[in-house]
Amino acid sequence: MSKQPPPSTPQINRLRAAAALIPIIESGLADSRLSVERAALMASFCEWTVEGPFDDPSVAKLAESVDGGLKRIKMALSSTA
């Protein structure tokens, strides 16, 4: 049997969207297709999604993944500034 994903809530949906944005931001910065300002704005959305407590361990793991991506993006943004 496959493991069922957690039920959709606004918080989980925002985290999923942020997780999908991380590689888009990273590749956009690497290829210079995304301005620093736009990448910073997108990263701020991702930051907003990881705020707050997470009761479900799978949701907390997703938030940790987004947070790790944010750290990589912040390093890339600081090197371009």
Arg14 and Glu51 ion-paired at < 4.0 Å:
no

Minimal non-hydrogen separation, Glu26 against Gly69, with atom names:
OE2-O, 4.2 Å

One pair to check against side chain to side chain contact (heavy atoms under 4.5 Å, CB included): Gln11 and Phe54. What are the steps and the verdict?
CA-CA 9 Å; Gln11 182 184 44; Phe54 302 102; 3.2 Å; yes

Can you hop from Val66 to Leu41 via hydrophobic side chains spaced under 4.5 Å?
no

Is the shortest side-chain heavy-atom distance between Lys71 and Met75 below 4.5 Å?
no

Are the side chain of Asp56 and the backbone N or O of Ser58 linked by a donor-acceptor pair below 3.5 Å?
yes

Can you find a pair of side-chain heavy atoms, one from Met42 and one from Ile73, that are under 4.5 Å apart?
no

Mind listing the closest non-hydrogen atom pair of Val50 and Leu70 along with its distance?
CG2-CD1, 4.3 Å

Say you draw a straight line from CG of Leu62 to CG of Leu15; how long is it, rounded to the nearest 0.5 Å?
5.0 Å

What heavy-atom pair brings Ile22 and Cys46 nearest, and what distance separates the two atoms?
CD1-SG, 4.0 Å

Please walk me through it: do Asp67 and Glu47 pass side chain to side chain contact (heavy atoms under 4.5 Å, CB included)?
CA-CA 7 Å; Asp67 193 46; Glu47 280 181 314; over 6 Å; no

